[in-house]
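Report on the following structure.
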Amino acid sequence: MVGDGHRPAGKPLRAAQDEAGVPPGVWKGRGLAAVGLNAGDVVTERQAELLLGEGRHPDADRIEHELLAQGESPAQARRATVLGRPIAHNRSPKTDKAKERTPWLGFDLVFRPPPTVHIAWALGDDKARLVLELCQDIARDQTLAWFEDAVAQIRWGSGGKHRKPIRDGLIVAVFRHYESRAAESKPLLHDHAVVSIRTRRPDDKGTWGNLSADSLMTHIVAADTLYLLYFMEEVSARLGWAWEPREVTPGHRPVMEIAGIDQRLIGWQSTRRQQIEDALPVLTAKYEEKHGHAPGERAAYALACQAADQTRPPKRTELLSLTELRKRWRTSAIRAYGADAVDRLAEQARATAAAVWARVRPVVDIALAAVDVVTVVYVMRGAFKRHHLLAEARRHLSCVLRGRPHEPGLDERIVQTVVDDYTRPAGRRMMTADLRALYPRDTEDQAVLRPLTRRRTAAPYERARLAADALKVRAQAVRGADRLGSRTRPPTVTVPAASRSRPRPFHTGRKAGRVSEQTTDVDTVEQTRRTLAEAALARVQEGARERALTYGPRPQPASATAPPPHTQQPGTQHTPGRATGGVA
């Protein structure tokens, strides 16, 4: 509640927040009405202590005093202020683990934009800073609304076997922080959204219970990609900036960053990442010496977490306001890279955005997007669930649109296309890619995909991108052959290219019907991918010529109709990527 500063004993919370340079926390969520709060109200220390520390009504003191005045016993008055079951602290001496002693009463969701946003927010003018903070507010609130509408469930019964959607909504306390925990303070705009685990059941009585923890944590990556998608759209609409993928680690997902920001400033801002990378080789060498082989994907992630814990610096004790922090950050950046690199941030971003949107077409091809999503998820996971497809579909939209607004529900339609056309059951509640649907006629294409999916020396995402590019080229070739056969072209739906000044209303739920195809380009990002794509196209064309010689040309319809008009804008489609910001 007071950032990374230390609060002296006896000092009021608001005074400590002023000295730490952080704003007071505010309440968010549609569940506030059930406890008499309003969105935007300041989070007081006593309210947080009661709700997030004891699982009681945030106004429990007043309620308890009124019940005592009416003649209720102290135990009855206190029990009336408890939301759901009372907290049972585990005080057994046999329990040493802290998480088994302390009751779980909330989730800390951290909303963090990509690195270039921190740079533009810290070094830009006051107008850009306020706009970026507004974009952060909108993207965060829309993501929390998606949690309320599509994810949050309440559980009850033995082992939480009964689960239903919540009645009202979530109760969230949002705290904004401005800096990282690096030894030298660096800009890091992020929000801590503390979600109360208490919520009401969808019954007539409106009894209180606990959220299903696994439902929220299962969809955390899908929420991450949705937050970044909304944040990119708000920044592009309000500041006119575009986005482009940046490869951080070869073979891994690229990061969506503001186009035109000097890449050297990312290294100036990301000091914590450099500390982790310096400690990681030592841990990796110890692992290889102990186990006799290099760490796999899960072991590498565990080693990275260990390196982060070992290099975590102590919290800063010096209290500075945001104005003082911005002056310090600007002085540090100018000393490292010169005044020109800092002063021309916004100008360079706008100029680069014009060049990006001149070559990138903000049109989403539903069919090719479905092939891309199912291939990437299949190669990286094998068996998967719907939320895995949803996260990848949102990554795809982020990279294709580059900050242009997307039609609400478009991510769900891409996922539904994948589920309907390219998947089959794979065990209980799991599915996998249907290779027969991906290869309806040309079985020789499987020879192109097989070495890519089995080349274990390459990173999983690198193999997934190679396979997805090869399959998309094949899908385009088949589509072209079908059009030569005078098949009626289905109507098209285009994504609006014009930026909007205000966010569209948030809608959830799947729209009925299927979405027809659109046209877009394929941007192969490596020479290897181009070679494989050309080989796949050559095989398909050769097969089409052989079939034409054997069976003759397709019969032409008596009256061919012209395809409907199709709106296109110049551009290319790039590799979807996951931003390093997001919801953690």
Side-chain angles (χ1 to χ4, degrees), residues 107 109 142-155 160-166 170 211-230 253 364-400 406-438 453 460-461 464 467-468 471-472 506-515 576-579 582-584:
F107 306 86
L109 305 179
Q142 288 180 322
T143 306
L144 290 175
W146 176 75
F147 264 129
E148 292 177 317
D149 294 332
V151 176
Q153 292 181 327
I154 190 171
R155 59 178 176 84
K161 61 182 179 180
H162 301 297
R163 302 189 182 190
K164 286 187 178 180
I166 58 178
L170 301 176
L211 285 171
S212 171
D214 54 352
S215 297
L216 262 67
M217 304 315 293
T218 295
H219 291 80
I220 198 68
V221 179
D224 166 23
T225 53
L226 179 64
Y227 156 75
L228 291 172
L229 182 61
Y230 279 129
R253 296 185 187 277
V364 178
D365 188 318
I366 303 296
L368 292 185
V371 172
D372 185 278
V373 169
V374 70
T375 306
V376 172
V377 176
Y378 168 68
V379 173
M380 297 192 69
R381 304 191 66 91
F384 46 83
K385 293 185 179 180
R386 187 181 183 91
H387 60 86
H388 298 125
L389 299 173
L390 186 59
E392 191 61 36
R394 289 167 176 172
R395 293 189 187 105
H396 182 92
L397 292 176
S398 297
C399 192
V400 171
H406 74 285
E407 184 179 344
L410 186 58
D411 49 354
E412 289 281 0
R413 280 178 266 170
I414 294 175
V415 172
Q416 192 59 43
T417 301
V418 173
V419 173
D420 292 343
D421 296 346
Y422 300 116
T423 60
R424 59 179 177 84
R428 186 169 177 263
R429 298 181 181 178
M430 302 291 288
M431 55 182 144
T432 188
D434 187 357
L435 297 183
R436 294 184 179 181
L438 293 172
T453 57
Y461 185 73
L471 280 179
K472 285 193 295 183
F506 186 83
H507 298 286
T508 58
R510 199 176 302 150
K511 292 189 177 181
R514 296 293 308 281
V515 180
R578 178 169 184 261
V583 186

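The residues of the chain are indexed from 1 along the displayed sequence.
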Practice prompt. Could you check if a side-chain atom of Glu407 sits within less than 4.5 angstrom of a side-chain atom of Arg413, using non-hydrogen atoms only?
Written response: yes
Practice prompt. Specify the closest pair of heavy atoms between Ala152 and Leu216, including all atoms of both residues, with the distance to one decimal.
Written response: CA-CD1, 3.9 Å
Practice prompt. Drop me the distance from Asp434's CG to Asp420's CG, to the nearest 0.5 angstrom.
Written response: 12.0 Å
Worksheet item: By ring-ring contact (aromatic ring centres under 6.0 Å, His included), which residues pair with His219, not counting sequence neighbours?
Response: His387
Worksheet item: Between His406 and Leu397, which heavy-atom pair has the shortest distance, and what is it?
Response: CD2-CD1, 4.4 Å
Discussion item. So does Thr225 get a backbone contact from the side chain of Arg395, meaning a donor-acceptor N/O pair under 3.5 Å?
Written reply: no
Worksheet item: What is the distance from atom NZ of Lys472 to atom CG of Asp372, rounded to the nearest 0.5 Å?
Response: 4.0 Å
Practice prompt. Give the intermediate values and the outcome of side chain to side chain contact (heavy atoms under 4.5 Å, CB included) for residues Tyr378 and Met431.
Written response: CA-CA 9 Å; Tyr378 168 68; Met431 55 182 144; over 6 Å; no
Discussion item. Please find the pair of heavy atoms, one from Phe147 and one from Ala223, that lie closest to each other, and give the distance.
Written reply: CZ-CB, 3.5 Å
Worksheet entry | Val379 and Tyr461: CA distance, side-chain angles, deciding distance, side chain to side chain contact (heavy atoms under 4.5 Å, CB included) verdict | CA-CA 8 Å; Val379 173; Tyr461 185 73; over 6 Å; no
Worksheet item: Say you draw a straight line from CZ of Phe384 to CE of Met430; how long is it, rounded to the nearest 0.5 Å?
Response: 8.5 Å
Item to complete: Starting from the C-alpha separation in whole Å, work towards a yes-or-no answer on side chain to side chain contact (heavy atoms under 4.5 Å, CB included) for Val151 and Thr218.
Response: CA-CA 9 Å; Val151 176; Thr218 295; over 6 Å; no
Item to complete: Please report the closest heavy-atom contact between Leu170 and Leu144, naming both atoms and the distance.
Response: CD1-O, 4.4 Å
Response to the item:
Closest non-hydrogen contact found for Val415 with Ala393 is CG2-CB, 4.0 Å
Fill in: Pairs involving residues 211-221, ordered by first then second residue, that meet salt bridge (Lys or Arg N to Asp or Glu O under 4.0 Å) (sequence neighbours left out)
Arg163-Asp214
Worksheet item: Atom CH2 in Trp146, atom CG in Leu390: separation rounded to 0.5 Å?
Response: 5.5 Å
Discussion item. As an exercise, state the distance from CZ of Arg394 to CD1 of Ile414, rounded to the nearest 0.5 Å.
Written reply: 10.5 Å
Worksheet entry | Closest approach of Ile154 to Pro165 (non-hydrogen atoms, all atoms of both residues) | CG2-O, 4.4 Å
Item to complete: State, yes or no, whether a side-chain contact exists between Met380 and Arg253 at a heavy-atom distance under 4.5 Å.
Response: yes
Discussion item. Quick check for you: to the nearest 0.5 Å, what is the distance between Gln416 atom CD and Arg386 atom CZ?
Written reply: 5.0 Å
